[in-house]
Amino acid sequence: MTDALKSNQYVVTYKLRDSFNSLDRLEDIPASYRKLIHVKKSMQDRVNVDNDDMYLLYSWIDNNNERLVVDGTRFTIWTARIEHQRMKMYNETGTDLLPKEDRTGRYDIPTIFFERNGQVYVAIVTTRENALTAVRSLINNNNIDLVNNYLQTDQNVIEWLFWRYMDENPVLDADIPIEIDNLLSFEGNDLEGNPADFLKGISNQISSLDVTKAILAFGDPLNASRMTLEWGQSVLVFSYAISGVVSIDTRNTSLDATILDPDLGLVAKSFAPLVLIIADVIPDLLNRYNNDNQNFNETFYDFKRRQAEFVINKLTHQYEIEE
């Protein structure tokens, strides 16, 4: 049985191949996958490929194909059970393999399939690379579009969010309505792109901090932010990275009851905000950024300059520095 979604679990989303145009096609997803264990060189002759105990089993333990709905998006929740090798694989003398139950562990990965615009997507609730690899193998990599990351972008979307919230207009759509209620964090790198020079800030007043103004003024690329977004009558608190990774604060997120299927169980309800965010909200934000791109590019330099002037004037006054 799938557990309820916990706060701040990270999610990576992929589009399935075009042949998957409906959740009804999920019957083409393999039921299991076997991976031959990896052993040290001196033990390779002990691995009998005809023995099931020599394989790690990846399988679905909960894939009843129940059709769930949030705001018109159909989804279903499966659970992948992944066997993995333990650190201790050999007997005390290192001359033989332990029985499989003693050298193998397992973990469960919630996996969401959802429909959008005649395509099927899969959201894997983990960012552990080995777990992602395992679930992709279970789905079959040939069934996944691994070239195009569904929610990834190389555009300045995070800077755009700060610009809209701090200077332009946090109301993205007055009719629905959609509004940036608050920005809570940023992550990025310096202009040199050195991974060791990692920038990160967390605060409920992140947009008003002097350090944030300075970072925006310097133009260091930002690649992630945590935000509170009003989406109609829903309040969504989540993090988005331009790499396509998403996490949601389930404790502070609340969905408009009218967009929920009244028959959803507690577990399904815990996943519904995540489905809304990855199926509708983030694609909508990326589309709004593209539509606003020209205005953003034309005015962002002046915005950065004003942040720089604010910081410089404050420092000059505080330390009585002569110009």
Side-chain angles (χ1 to χ4, degrees), residues 9-36 56 58-60 63 73-80 82 84 109-161 187-189 193 195 221-225 238-248 271 274-293 296-297:
Q9 288 182 285
Y10 289 92
V11 181
V12 179
T13 307
Y14 301 97
K15 185 176 82 70
L16 298 190
R17 295 293 185 185
D18 291 344
S19 58
F20 290 88
N21 54 18
S22 164
L23 292 182
D24 298 332
R25 292 298 307 275
L26 293 182
E27 61 187 20
D28 295 336
I29 299 293
S32 62
Y33 174 84
R34 297 196 310 166
K35 179 182 178 182
L36 192 65
L56 298 173
Y58 306 162
S59 60
W60 302 108
N63 61 338
T73 297
R74 291 206 312 163
F75 68 101
T76 186
I77 306 169
W78 292 13
T79 301
I82 307 299
H84 66 93
I109 302 293
T111 306
I112 306 161
F113 295 92
F114 65 92
E115 294 176 352
R116 184 175 188 270
N117 298 332
Q119 299 288 336
V120 176
Y121 299 82
V122 58
I124 304 171
V125 187
T126 181
T127 54
R128 293 169 48 190
E129 188 58 40
N130 58 341
L132 283 173
T133 301
V135 178
R136 290 198 305 257
S137 296
L138 174 55
I139 295 170
N140 189 335
N141 284 323
N142 292 328
N143 289 328
I144 304 172
D145 181 354
L146 295 174
V147 176
N148 302 302
N149 189 314
Y150 167 57
L151 298 178
Q152 185 176 14
T153 179
D154 58 0
Q155 302 299 310
N156 298 324
V157 174
I158 306 303
E159 289 88 341
W160 174 74
L161 289 168
E187 293 181 9
N189 295 94
L222 301 181
N223 52 43
S225 181
F238 63 97
S239 297
Y240 168 68
I242 62 173
S243 63
V245 177
V246 176
S247 70
I248 179 173
F271 283 91
L274 173 62
V275 174
L276 178 68
I277 289 168
I278 59 180
D280 292 328
V281 174
I282 294 176
D284 182 87
L285 289 178
L286 295 176
N287 185 58
R288 291 179 188 277
Y289 165 82
N290 289 331
N291 293 336
D292 205 15
N293 191 39
F296 171 62
N297 288 334

Run the side-chain contact (heavy atoms from CB on, under 4.5 Å) test on Asp28 and Asn143 for me, step by step, so that the C-alpha distance in whole Å, both residues' side-chain angles and the decisive distance to 0.1 Å come before the verdict. CA-CA 9 Å; Asp28 295 336; Asn143 289 328; 5.9 Å; no
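- Inter-residue side-chain proximity for Trp60 and Ile139 is flagged as met; some heavy-atom pair is nearer than 4.5 Å.
- The CD atom of Gln155 sits 9.5 Å away from the CG atom of Leu286 when rounded to the nearest 0.5 Å.
- Rounded to the nearest 0.5 Å, atoms CZ (Arg34) and CG (Leu56) are 11.0 Å apart.
- Annotation for Ile158 and Asn223: closest pair CG1-C, 3.8 Å, computed over non-hydrogen atoms.
- Put simply, NZ on Lys15 and CG on Leu146 are 11.0 Å apart, with the number rounded to the nearest 0.5 Å.
- Side chain of Asn149 to backbone of Ser243: a donor-acceptor contact under 3.5 angstrom is found.
- A side-chain hydrogen bond (donor to acceptor under 3.5 Å, both in side chains) with Arg288 is found for exactly one of Asn291, Asp292, Asp284, namely Asp284.
- Closest heavy-atom contact between Arg74 and Ser22: NH2-OG, 3.7 Å.
- Minimum heavy-atom separation, Ala80 to Thr111: CB-OG1, 4.2 Å.
- Ring orientation note: the planes of Tyr150 and Tyr121 are tilted relative to one another, at an angle of 30° to 60°.
- Between Val125 and Gln9, the shortest heavy-atom contact is CG1-CB, 3.8 Å.
- When side chains are defined from C-beta on, Phe114 counts as touching Thr13, because their heavy atoms get closer than 4.5 Å.
- Between Gln119 and the options Asp18, Asp145, Asn21, Leu16, a side chain to side chain contact (heavy atoms under 4.5 Å, CB included) holds for only Asp18.
- Of the residues Leu276, Asn287, Leu151, the one that meets the side chain to side chain contact (heavy atoms under 4.5 Å, CB included) test with Ile282 is Leu151.
- For the pair Arg136/Tyr14, a side-chain contact is recorded, criterion being any heavy-atom separation below 4.5 Å from C-beta on.
- Under the 4.5 Å side-chain criterion, counting only non-hydrogen atoms from C-beta, Tyr289 is in contact with Asn156.
- Using a 4.5 Å heavy-atom threshold, the side chains of Arg116 and Asp280 count as touching.
- Val120 is listed as a side-chain neighbour of Leu26, based on a closest heavy-atom distance under 4.5 Å.
- In this structure the side chain of Val122 never reaches within 4.5 angstrom of the side chain of Trp78, judged on heavy atoms.
- Within the 4.5 Å cutoff, no side-chain heavy atoms of Tyr240 are placed close to those of Ile277.
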I'd like to know whether Ile29 forms a side-chain contact (heavy atoms from CB on, under 4.5 Å) with Asn140, so could you lay out the CA-CA distance, the side-chain angles of the two residues, the decisive distance to 0.1 Å, and finally the verdict. CA-CA 7 Å; Ile29 299 293; Asn140 189 335; over 6 Å; no
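- For the atom pair Ile82 CD1 and Ser59 OG, the distance stands at 7.5 Å (nearest 0.5 Å).
- Between the OH atom of Tyr10 and the CG atom of Leu132 there is a distance of 14.0 Å, given to the nearest 0.5 Å.
- Taking every heavy atom of both residues into account, Phe20 and Arg25 meet most closely at CE2-O, 3.4 Å.
- Within the model, atoms OG1 of Thr126 and CD1 of Ile109 stand 4.5 Å from one another, a figure rounded to the nearest 0.5 Å.
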